[in-house]
Amino acid sequence: MRQNTTPDPTALPTEAGGAADVAVTEVTATLLIGDFATVCSNCKKPTLLHGVSRHTDISGWNYKPGGGCGARFVNTDALDRPIAAARLKELRPDLPVRDIPATPNA
């Protein structure tokens with residue numbers, strides 16, 4: 001007679017912090033565009049301007065695929081000096097320009 005050695009999943013103990021308890025969240029970032037550099041707002045490392053929807057690192061002159069924090073770009077903003085929203089939209093038409101909320105007068 002052959003016995004089933006696979007344990008019943010309902011009988012297995014569960015631990016706090018186990019795989020079932022981990023919530024998966026997506027990291028998002030702003031694509032910061034400057035005159036000569038493009039940076040991820042999440043990790044502050046350089047990234048490509050065109051053709052990417054997630055942060056991939058570009059280290060120096062040698063592109064290293066798989067680098068970067070992997071955050072998904074959800075909008076654009078200027079890196080180091082004011083850039084017109086129209087110019088940001090021209091550079092990345094697939095991403096909206098980040099809205100900066102007005103600060104209330106104190």
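Atoms considered below: every heavy atom in the structure, side chains included; atoms not considered: hydrogens, waters and symmetry mates.
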task: In sequence, state the C-alpha distance, the side-chain angles, and the governing distance for Phe73 and Ser41, and then conclude on side chain to side chain contact (heavy atoms under 4.5 Å, CB included).
output: CA-CA 9 Å; Phe73 296 124; Ser41 69; over 6 Å; no

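Between Val97 and Thr76 there is a side-chain heavy-atom pair separated by less than 4.5 Å.
Every side-chain contact (heavy atoms from CB on, under 4.5 Å) that Thr28 has, sequence neighbours left out, goes to Glu26, Arg72, Val74.
The CG atom of Asp77 lies 6.0 Å from the CG atom of Leu32; values are rounded to the nearest 0.5 Å. Here the straight-line distance linking atom CG of Asn42 with atom OG1 of Thr47 works out to 11.5 Å at 0.5 Å rounding. In this structure, the separation between OG on Ser53 and CZ on Arg92 is 7.5 Å, given to the nearest 0.5 Å.
At a threshold of 4.5 Å between side-chain heavy atoms, the hydrophobic network of Ile, Leu, Val, Met, Phe, Trp and Tyr places Leu88 and Leu48 in one connected group. Transitive grouping of hydrophobic side chains (ILVMFWY, heavy atoms separated by less than 4.5 Å) keeps Leu31 and Val39 in distinct clusters.
Proximity of a side-chain donor or acceptor of Lys89 to a complementary backbone N or O of Leu95 within less than 3.5 Å is detected.
Legend: salt bridge (Lys or Arg N to Asp or Glu O under 4.0 Å) pairs involving residues 32-41, not counting sequence neighbours, sorted by first then second residue: Asp35-Arg81.
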